[in-house]
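A short worksheet on the structure shown next.
What you see is a predicted model; the values in this text were computed from it and never measured.
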Amino acid sequence: MNPKVKVRLRIIAIFTTLIWMIVIFRFSMDTGTSSHGLSSACVTLFNKAIYYFTGKDLTIAISPSHYAYIELFFRKLAHMSIYFILSINVMVVLFTFNMKMSLRMFLSLLLCFLYALTDEFHQLFVDGRGASFVDCLIDTSGAFVGIFAALILYCIMYTMMIKYQKHKGRITVTYENI
């Protein structure tokens with residue numbers, strides 16, 4: 001890759017990663033009440049979708065304790081999703097450096113885990129929120145899945161680049177030579 005393009009990509013990737021970290025920090029600043037309200041809104045939307053497709057209202061069809069489990073599921077899914085995106089951003093940054101793929105994966109997972117720890121620590125100081133190591137592990141598992149999604153995207157992009165360069169006659173290597 002052209003060194004100038006690599007530097008530009010690195011700067012953009014670092015910027016988007018920092019923006020996403022601010023988004024995560026902002027979500028952590030929400031009080032327990034507003035965080036619960038956001039989760040309830042997601043569950044309500046889910047309930048409307050279920051009603052649209054099946055004609056069943058979950059608030060009537062299941063017990064309140066089971067409905068609370070659905071809300072808990074959405075809260076944990078949100079944790080996984082935001083760290084899924086964070087890990088992809090971190091992997092894109094690390095793709096701009098020359099290092100082994102295993103080191104990239106390790107550094108991405110480590111950074112996401114450490115950020116999840118600081119995020120949970122930050123929540124100790126927010127009204128109605130608390131720290132949970134389980135949430136930190138859920139965040140890290142989302143990051144783990146994101147790392148593999150980034151690897152899949154990398155392989156697709158790499159394959160497309162090689163095919164394009166072979167088509168244009170810029171390279172003549174085959175996969176066996178790499």
Tell me whether the count of non-hydrogen atoms from other residues, nucleotides or ligands lying under 6.0 Å of OH in Y115 goes above 12. yes

Decide if atom CZ of F74 counts as having more than 12 heavy atoms of other residues, nucleotides or ligands within a radius under 6.0 Å.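 Yes, the 6.0 Å shell around CZ holds more than 12 heavy atoms from other groups.
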
Quick one: closest heavy-atom pair of [X] and [Y], and the distance?
X	Y	value
L38	F27	CD2-CE2, 4.0 Å
R129	D30	NH1-O, 2.9 Å
F46	L58	CE2-CD1, 3.7 Å
S87	G146	OG-CA, 3.2 Å
H79	D139	ND1-OD1, 2.7 Å
S132	E120	N-OE1, 3.0 Å

Backbone N/O of A13 and side chain of T16: donor-acceptor pair under 3.5 Å: yes

Are side-chain heavy atoms of [X] and [Y] found at a separation under 4.5 Å?
X	Y	answer
I70	F73	no
L151	M91	yes
L109	I147	yes
K6	N98	yes
Y154	M101	yes
V145	F148	no
V90	R104	no

Could you give the distance from [atom1] ([X]) to [atom2] ([Y]), rounded to the nearest 0.5 Å?
X	Y	atom1	atom2	value
D119	C112	CG	SG	11.5 Å
N89	Y83	CG	OH	12.5 Å
H122	L124	NE2	CG	10.0 Å
K48	D57	NZ	CG	11.0 Å
N47	C42	CG	SG	13.0 Å
T140	F133	OG1	CZ	7.5 Å

[X] and [Y]: same hydrophobic cluster, using ILVMFWY side-chain contacts below 4.5 Å?
X	Y	answer
F15	V92	no
M161	F95	yes
V43	M80	no
L45	L72	no
I12	I14	no

Passes side chain to side chain contact (heavy atoms under 4.5 Å, CB included), L110 versus L114? Steps please. CA-CA 6 Å; L110 180 65; L114 293 174; 4.0 Å; yes

Among L18, L111, T17, which residue meets the side-chain contact (heavy atoms from CB on, under 4.5 Å) test with V93?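 Of the listed options, the one satisfying the test is T17.
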
Less than 6.0 angstrom from the centroid, inside 45 degrees of the normal: does R10 satisfy that with respect to the ring of F97?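 Yes, cation above the ring, under 6.0 Å and within 45°.
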
